[in-house]
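I have placed the structure first, in the form of structure tokens, so that the comments after it can refer back to it.
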Amino acid sequence: MKRRTGQDRSITATWRPATLAVRGGTARSEFGETSEAIFLTSGYSYDCAGDAAARFAGEQQGMTYSRLQNPTVEMLEHRIALLEGAEACRTMATGMAAMTAVLLCQLQQGDHVVAGRAAFGSCRWLVDTLLPRFGIATTTVDARDPQAFADATRAETKVFFFETPANPTMDVVDLKAVCGIARERGIRSVVDNAFATPALQRPMDFGADVTAYSATKMMDGQGRVLAGAVCGTQDFIDNTLLPFTRNTGPTLSAFNAWVVLKGLETLDLRIRRQSDNALEVGRFLEGRVPRILHPGLPSHPQHDLAMAQMAAAGPIFAFEVEDRAQAHALLDALALIDISNNIGDSRSLMTHPASTTHYGVAAEARAEMGVTEGLLRLNIGLEDPRDLIDDLDQALRQVGL
């Protein structure tokens, strides 16, 4: 592979996803390194004052400042865009920086957003609290029903914003139907695809305009760094998102970008093994717990839709026990699985959303989205699933299940 082959779309267009995950976006320096280089620099120098002026005027290609461009970060952006099937990508410091930027960059006072009510706690805070502070009206709907988006639309509606599968209730949204409604009405659809990643689901293939990520999750996949990403058309990234991020500065560090680049190399292998493990653990839990929410199981009410949109159901699912006391007791009884509110890690993690990730969501909103006091979210890792089942079995027996 030549120094710039990984960024030549005429060549990378012929590569398959596994190849893109390893080589896509790579740009080698004059030293010919095989692993991507980390450029730890805040600024860049110019051969002459005219070059500096030309770069700031957009007349010359090149770096100006690492809040705007960095060679390592740029490689990650190219790679994610290639995996997503998008024209362009912009990375950010965290997943929530990406979610905040993708909304605020395109909305203003008087606009309206229709959002899926089942969502990560901080995403609900954006919709319920932050956007209204800027005079942006919001309506939350049951995203499992495409007609709900249509019914909530107003003349001033600018964005549909939703997750699929949703965190933590595993609601599945019909991408083709909802994004189709948005297209027909001139509304931009923004999909949080963090649970699936482009390895399992590419929302743009179903008509989505923009996808947003917490790359902290499966893209890094080993619980090491924070990162976020937004993918869309070149026009959206350059002319809508970039002016916002250029001037507000939610910049991803070069080191974190390098770590995520390394994570992407094994994304396909990890997420498929973890999906298989999660299905095995889910089958064990089914019938053992009062209710299980796993899109990969036929018992899930949207199983067929999930399998039509996704290559596999992913490593994350939820289940319910009686109440908060039993949920906490079950967590305390675990010997192998960690109590942790993170997801996407190679280690198995479990949390009680009502008292952690969704603690800041009003009790009424939690009830509306299905985050009950007995709900537990489980991220299945790369351990042997038989060991995970053994751990869950002994913990369940301790709490009377």
Side-chain angles (χ1 to χ4, degrees), residues 92-104 113-132 138-144 159-173 175 178 189-197 200-201 203 208 210-221 223 225-231 250 293-295 306 310 313-319 339-345 349-373 375-379:
M92 277 159 248
T94 69
M96 284 313 303
M99 302 303 160
T100 304
V102 78
L103 293 173
L104 290 182
V113 175
V114 181
R117 69 187 184 193
F120 175 53
S122 293
C123 288
R124 274 299 299 254
W125 183 86
L126 291 179
V127 171
D128 295 342
T129 305
L130 183 66
L131 294 183
T138 62
T139 303
T140 55
V141 299
D142 184 347
R144 295 170 296 183
V159 171
F160 286 174
F161 178 51
F162 59 91
E163 307 171 8
T164 184
N167 182 1
T169 55
M170 308 308 295
D171 290 0
V172 178
V173 181
L175 285 163
V178 174
S189 53
V190 177
V191 181
D192 178 348
N193 197 41
F195 267 33
T197 82
L200 297 184
Q201 175 176 269
V210 179
T211 55
Y213 287 98
S214 171
T216 307
K217 309 303 189 287
M218 289 302 304
M219 287 189 182
D220 168 33
V225 297
L226 303 177
V230 175
C231 297
L293 300 167
H294 190 315
M310 303 175 69
I316 305 155
F317 64 92
F319 64 92
I339 304 171
S340 176
N341 51 279
N342 196 20
I343 54 171
D345 203 302
L349 315 171
M350 196 189 301
T351 195
H352 178 247
S355 59
T356 58
T357 59
H358 289 67
Y359 172 78
V361 178
E364 182 179 331
R366 286 203 305 267
E368 179 187 62
M369 71 173 74
V371 180
T372 66
E373 288 296 309
L375 188 74
L376 289 160
R377 189 191 66 199
L378 180 55
N379 171 92

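Here the structure is a predicted model, which is why all the values come from computation and not from measurement.
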### Message
Tell me every residue that passes side-chain contact (heavy atoms from CB on, under 4.5 Å) with Ala166, counting only those two or more places apart in sequence or in another chain.
### Response
Ala118, Glu163, Thr169, Asp171

## Note on the structure
Sorted by chain and number, sequence neighbours left out, side-chain contact (heavy atoms from CB on, under 4.5 Å) with Thr372 holds for Glu320, Leu375

### Message
For Phe161, give me all partners under ring-ring contact (aromatic ring centres under 6.0 Å, His included), at least two apart in sequence or on another chain.
### Response
none

### Message
Just verifying a value: how many Å separate Leu131 CG and Leu126 CG, rounded to the nearest 0.5 Å?
### Response
6.5 Å

### Qualifying residues under side-chain hydrogen bond (donor to acceptor under 3.5 Å, both in side chains), relative to His352, sequence neighbours excluded
His328, Ser355

### Message
Checking the side chain of Asn379 only, and the main-chain atoms of Asn342 only, is there a donor and an acceptor separated by less than 3.5 Å?
### Response
no

### Thr216 (side chain) donor-acceptor with Ala227 (main chain) under 3.5 angstrom
yes

### Task
With side-chain contact (heavy atoms from CB on, under 4.5 Å) as the test, would you mind laying out the steps for Asp128 and Thr140 before giving the verdict?
CA-CA 9 Å; Asp128 295 342; Thr140 55; 4.0 Å; yes

### Exam field: side chain Thr138 to backbone Val127, donor-acceptor pair closer than 3.5 Å
yes

### Task
Tell me, please, which residues at least two apart from Ala93 pass side-chain contact (heavy atoms from CB on, under 4.5 Å).
none

### Query
Is there a side-chain contact between Met350 and Phe319, using heavy atoms and a 4.5 Å cut-off?
yes

#### Entry: Donor-acceptor pair, side chain of Arg377 and main chain of Asn341, under 3.5 angstrom
yes

### Query
Mind checking what makes side-chain hydrogen bond (donor to acceptor under 3.5 Å, both in side chains) contact with Thr197, not counting sequence neighbours?
none

### Query
How far does CG of Asn193 sit from OH of Tyr213, to the nearest 0.5 angstrom?
3.5 Å

### Task
With side-chain contact (heavy atoms from CB on, under 4.5 Å) as the test, would you mind laying out the steps for Met369 and Val361 before giving the verdict?
CA-CA 10 Å; Met369 71 173 74; Val361 178; 4.0 Å; yes

### Query
Measuring from Ile316:CD1 to Ile343:CD1, what's the distance to the nearest 0.5 Å?
4.0 Å

